[in-house]
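Take a look at the structure below.
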Amino acid sequence: MERRTFLALVPGSLLAAPLAAEGQEAGKVARIGYLGTKRGVSPHTREAFRQGLRDLGYVEGRNVVIEYRLPEGQLERLPALAAELVALKVDVILAVATPQALAAKQATRTIPIVFAATGDAVADGLVASLARPGGNVTGLSFFTPELVGKRLELLKQTVPGVSRVAVLWNPGGLGESTEKDVLKRAEVAARALGVRVQFVEARRLEDFDRAFSEMTRARPDALTVLTSVMFLEERKRLVDLAAKNRLPAVYPWREFVDAGGLMAYGPDLADLFRRAATYADKILKGAKPGDLPVEQPTKFELVINLKTAKALGLTIPPSLLLRADQVIE
């Protein structure tokens, strides 16, 4: 069921798809730098970006070359990898998330940068404003701070008698300002819902077991996992730990539910990456990134895994099933 729509903050700026990659100089091969995550973790998002380029008339090896730089789970490598792309003099850099975009912005003030999925791009210092980004950076930003409260509401509706929710977060996974905002909103939303929250940190994969031990000592009724590239990369491990500890959990993206998680509420990542190709195309044809408004999703996916619900002994309310964009049985 298709319920996703995107709103450009300046009407008409990106809505008209170009016919093909004709705006480039004849015979010129575009070079796109792709500053990504861990190899093999989310191939569908990378493929979505490539498909978006193909839809716009680009053929890899003929009129476009993509230079991939992947930190393989080590975000401290991002500055060096961004510098490599700058040294290659690529025409545009695709940064998959906030840490990648921040590293790219630190590396260059001249090469255009497109981010595919960030939290609060203004608060994190990536752009001056959504309508007029300014500088050399633009792209797609989702409403991370607002979504944390929605996910807590879903747990309240799903888990009978929930009174305490663990909140797993990754320091450094988003910009510092966005992280503070998200944690504050989680507290405010929890108070409004009459539940207590327990914030638990996990900076790296090695912290997962300790984090879940810390959680279970406080005996939470449920878990919400905040947005983080590292959490997305290690989603199978997180989902397995939640199942092992019998914690009903809500996640930021459907990829967690595909891996066996209970439910997710958030934007469609693959769609964000497809849309990012439109930005790259516009820039390759001469548009300035600072003039291209940042897009935000206005509709979000609710995906529920009934098999996981059954394993946890939960009955999903019919009203929630009716609202779901997809129910996995």
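The model shown is predicted, which means the values in this text are computed figures rather than measured ones.
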Within 6.0 angstrom of [X] [atom1], more than 12 heavy atoms from elsewhere:
| X | atom1 | answer |
| --- | --- | --- |
| Arg219 | CZ | no |
| Lys150 | NZ | no |
| Arg39 | CZ | no |

Check: [X] side chain, [Y] main-chain N or O, donor-acceptor pair, under 3.5 Å:
| X | Y | answer |
| --- | --- | --- |
| Asn305 | Lys307 | yes |
| Thr45 | Ala270 | no |
| Asp325 | Leu302 | yes |
| Arg237 | Glu234 | no |
| Tyr34 | Ile66 | no |
| Asn170 | Ser228 | no |
| Asn136 | Pro289 | no |
| Arg151 | Tyr265 | yes |
| Thr118 | Thr98 | no |
| Asp281 | Ala277 | no |

Is a salt bridge present between [X] and [Y], judged by a nitrogen-to-oxygen distance below 4.0 Å?
| X | Y | answer |
| --- | --- | --- |
| Lys282 | Asp291 | no |
| Glu84 | Arg69 | yes |
| Arg254 | Asp258 | yes |
| Asp240 | Lys244 | no |
| Arg50 | Glu47 | yes |

Nearest 0.5 Å, what's the [atom1]-[atom2] distance between [X] and [Y]?
| X | Y | atom1 | atom2 | result |
| --- | --- | --- | --- | --- |
| Met263 | Leu314 | CE | CG | 8.5 Å |
| Lys156 | Thr158 | NZ | OG1 | 12.0 Å |
| Leu78 | Leu102 | CG | CG | 9.5 Å |

Test ring-ring contact (aromatic ring centres under 6.0 Å, His included) applied to Tyr251 - qualifying residues, sequence neighbours left out
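Counting only residues at least two positions away or on another chain, Tyr251 forms a ring-ring contact (aromatic ring centres under 6.0 Å, His included) with Phe256.
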Flag yes if [X] and [Y] sit in one hydrophobic cluster, no otherwise; membership is Ile, Leu, Val, Met, Phe, Trp, Tyr, and two members link when side-chain heavy atoms are under 4.5 Å apart.
| X | Y | value |
| --- | --- | --- |
| Val239 | Val257 | no |
| Leu152 | Leu262 | yes |
| Trp253 | Phe49 | yes |
| Leu238 | Val229 | no |
| Leu321 | Val303 | no |

Would you give me the side-chain donor-acceptor pairs under 3.5 Å for residues 211-218, sequence neighbours excluded?
from   : atom 1 : to     : atom 2 : distance (Å)
Ser213 : OG     : Asp209 : O      : 3.1
Glu214 : OE1    : Arg210 : NH1    : 3.0
Thr216 : OG1    : Phe212 : O      : 3.0
Thr216 : OG1    : Ser213 : O      : 3.1

Smallest separation among heavy atoms of Val92 and Leu284, with atom names:
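Shortest heavy-atom separation between Val92 and Leu284 comes out as CG1-CD2, 4.4 Å.
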Tell me the closest heavy-atom pair linking Ala166 and Pro220, and the distance in Å.
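Looking at all heavy atoms of both residues, the shortest contact is N-CB, 3.9 Å.
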Donor-acceptor pair between Gln74 and Arg77 side chains, under 3.5 angstrom:
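On atom types as modelled, these side chains do not qualify, holding no pair under 3.5 Å.
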Of Val137, Ile283, Leu35, the residue whose pairing with Ile113 passes side-chain contact (heavy atoms from CB on, under 4.5 Å)
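The residue from Val137, Ile283, Leu35 that satisfies side-chain contact (heavy atoms from CB on, under 4.5 Å) with Ile113 turns out to be Val137.
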So do the side chains of Ile32 and Leu53 get within less than 4.5 Å of each other, counting heavy atoms only?
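Touching, per the 4.5 Å side-chain cut-off.
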In sequence, state the C-alpha distance, the side-chain angles, and the governing distance for Arg196 and Asp221, and then conclude on salt bridge (Lys or Arg N to Asp or Glu O under 4.0 Å).
CA-CA 10 Å; Arg196 289 175 294 165; Asp221 303 303; over 6 Å; no
